[in-house]
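Numbered from 1 within each chain, the chains take letters A, B, ... in sequence-line order. Heavy-atom basis, side chains included; hydrogens, waters and symmetry copies ignored.
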Amino acid sequence: MNNLIITQVEEKIKVSGAGVFSASQTFECGQCFRFDKNENGEYEGVATDSPSASGHFARISNSDDGEVLFSGTTMDEVKNFWISFLDLERDYEKIVSTYSEDSHIGVAARTCSGIRILKQDPWEALCSFIISQNNNIPRIKKIIRSLCENFGEKTKSGHFTFPDARVLAEAESLAVIRSGFREKYIKDAAQKVADGEIKLEVLKMMPYEQAKAELMRIKGVGEKISSCVSLFGLGFLGAFPVDVWIKRVLEKHYDADFDPSSFGEYAGVAQQYLFHYERCYASDE
DNA sequence: AAACAGGCCTAAA
DNA sequence: TTTAGGCCTGTT
């Protein structure tokens with residue numbers, strides 16, 4: 001557990017020593033869809049533990065001194081799940097220092113330095129990013145909520161788990177979630193994962209390009225979605241998803257022949273800084 | 001009311 | 001190999 005210090009502070013659990021962390025940047029940079037800000041400004045939601053597929057609930061925020069604060073969970077869960085999920089043991093400053101100095105990534109990384117790349121469950125990431133295509137965030141969240149409420153399981157704490165691939169593969173129809181033309185894509189993903197034609201846990205151990213190619217065998221999964229799943233679900237921090245926002249960034253700040261893979265081993269982290277900066281901090285033109 | 005939203009598929013050059 | 005439409009649905 002490296003240099004992390006875990007303490008009980010009143011009814012909350014505090015994790016110190018993780019370096020810069022921002023709950024709002026992490027949960028609002030578009031990488032996940034099941035965490036929402038509550039009336040106390042905490043981000044609460046359920047995260048799936050792969051491969052057991054069990055759901056963990058927590059409320060996550062920053063303490064006044066910038067450390068990580070949890071409530072609604074336990075010391076054990078923080079130690080055994082949340083620290084890993086939030087990637088708190090990784091040295092992000094070191095990652096940023098690997099980028100070759102160009103001013104724009106410098107500004108973006110500094111401004112968005114509180115972002116952590118969540119280690120999401122690959123199956124949940126796969127479904128979520130299939131749903132995200134040609135769609136907007138409020139509706140993405142709504143569809144995913146409906147998916148969990150209709151096909152997930154209700155936990156003791158009253159929250160819903162993300163449905164298992166088998167459940168979706170066997171479901172008569174997914175029409176209730178109103179995912180439109182994406183339904184057949186979700187179905188195809190569920191079937192391939194359920195009968196082991198695609199083994200997500202195995203993809204984690206393959207070379208990135210190969211894992212991505214496997215994902216793209218699924219209907220409705222192309223270049224962008226496969227790289228999102230690779231980055232957010234499989235732990236390939238070198239994956240660099242290019243969507244309309246990133247296209248805009250590349251046009252504005254980089255030469256036409258610029259190759260994002262030149263960001264290196266941690267290109268995906270750079271992508272997230274660039275993406276979030278463009279959406280939330282950049283002035284329009 | 002028409003356009004648009006964090007892509008992908010298919011058909012056609 | 002690249003390019004144009006079309007796609008479910010909800011919101012503005």
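Of the two residues near DNA chain B, Cys228(A) and Gly220(A), the one whose nearest nucleotide lies more 5' is Cys228(A). Where Lys219(A) and Ile140(A) meet DNA chain B, the nucleotide closest to each residue was compared, and Ile140(A) sits on the side nearer the 5' end.
Residues in residues 205-217 of chain A take part in these salt bridge (Lys or Arg N to Asp or Glu O under 4.0 Å) pairs, two or more places apart or across chains: Glu197(A)-Arg217(A), Lys212(A)-Glu223(A), Glu214(A)-Arg217(A). Applying the salt bridge (Lys or Arg N to Asp or Glu O under 4.0 Å) definition to pairs two or more places apart or across chains, those involving residues 266-279 of chain A are Lys252(A)-Glu278(A). Each side chain to side chain donor-acceptor pair (under 3.5 Å) pair with one or both residues in residues 137-146 of chain A, not counting sequence neighbours, appears once here: Asp36(A)-Lys141(A), Asn135(A)-Arg139(A), Ser146(A)-Asn150(A). Among residues at least two apart or in separate chains, side chain to side chain donor-acceptor pair (under 3.5 Å) pairs with a member in residues 106-126 of chain A are Thr48(A)-Glu124(A). Within the structure, the salt bridge (Lys or Arg N to Asp or Glu O under 4.0 Å) test picks out no pair touching residues 146-161 of chain A (sequence neighbours left out).
Across all strands, Gly222(A) comes closer than 4.0 Å only to sugar-phosphate atoms, never to a base (heavy-atom distances). In this structure, Glu223(A) reaches the sugar-phosphate backbone alone: every heavy-atom distance under 4.0 Å involves primed, P, OP1 or OP2 atoms, never a base. Using a 4.0 Å heavy-atom criterion, one finds that Ile130(A) contacts no nucleic acid atom at all.
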- Using a 3.5 Å limit on both pairing distances, list the dot-bracket string of DNA chain C from the 5' end; Watson-Crick and G-U wobble pairs count, crossing pairs take [ ], interstrand pairs take |. |||||||.||||
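For Glu265(A), the CD atom is loosely surrounded, since the number of other residues' heavy atoms within 6.0 Å does not exceed 12. Other residues, nucleotides and ligands place no more than 12 heavy atoms under 6.0 Å from the CD atom of Glu10(A).
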- Query: Hey, mind stepping through Glu42(A) and Lys12(A) against salt bridge (Lys or Arg N to Asp or Glu O under 4.0 Å) and telling me if it holds?
  - Reply: CA-CA 12 Å; Glu42(A) 303 160 310; Lys12(A) 297 189 178 178; 3.2 Å; yes
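Side-chain N or O atoms of Tyr92(A) include one that pairs as donor or acceptor with a backbone N or O of Ile117(A) at under 3.5 Å. A donor-acceptor pair under 3.5 Å is absent between the side-chain atoms of Asn38(A) and the main chain of Glu44(A), judged by distance alone. Between the side chain of Thr26(A) and the backbone N or O of Ala23(A) there is no donor-acceptor pair closer than 3.5 Å.
The pair Arg248(A)-Glu251(A) does not meet the salt-bridge criterion, since no charged nitrogen lies less than 4.0 angstrom from a carboxylate oxygen. Taking the charged nitrogens against the carboxylate oxygens, Asp87(A) and Arg90(A) do have a contact shorter than 4.0 Å, which makes a salt bridge. Between Lys184(A) and Asp188(A) there is no salt bridge, since no side-chain nitrogen of the basic residue lies less than 4.0 Å from a carboxylate oxygen of the acidic one.
Counted by atom type alone, Ser261(A) and Asp259(A) present one or more donor-acceptor pairs between their side chains at under 3.5 Å. For the residue pair Glu28(A) / Tyr43(A), a side-chain donor-acceptor distance below 3.5 Å is found, with atom types taken as modelled.
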- Message: Base contacts versus sugar-phosphate-only contacts with protein, heavy atoms under 4.0 Å: please encode nucleotides 7-12 of chain C as B, S and - from 5' to 3'.
- Response: BBBSS-
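Taking the side chain as every heavy atom from C-beta outward, Val249(A) and Phe275(A) never approach each other to under 4.5 Å. Considering only heavy atoms from C-beta on, Glu201(A) comes within 4.5 Å of Ser50(A) through its side chain.
Across the P atoms, dG6(C) and dA2(B) are found 16 Å apart, a figure rounded to whole Å. The gap from the C1' atom of dA3(B) to that of dG5(C) amounts to 16 Å, rounded to the nearest Å. For dC8(B) and dG10(C), the P atoms lie 22 Å apart once the distance is rounded to whole Å. Comparing the same atom, C1', in dC4(B) and in dC7(C) gives a spacing of 13 Å after rounding to whole Å.
Contacts between residues 253-261 of chain A and DNA chain B, counted as heavy-atom distances below 4.0 Å, involve no residue at all. A heavy-atom distance below 4.0 Å to DNA chain B is reached by these residues of residues 233-247 of chain A, ordered by number: Asp243(A), Val244(A), Trp245(A).
Grouped by direct or indirect side-chain proximity (heavy atoms under 4.5 Å, Ile/Leu/Val/Met/Phe/Trp/Tyr only), Val46(A) sits with Phe57(A).
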Below 3.5 Å between N/O atoms, which protein atoms pair up with nucleotides 1-3 of chain C? Just atom names and distances, please.
none

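Nucleotides of DNA chain B lying under 4.0 Å from heavy atoms of chain A occupy a range whose first and last members, 5' to 3', are dA5(B) to dT10(B).
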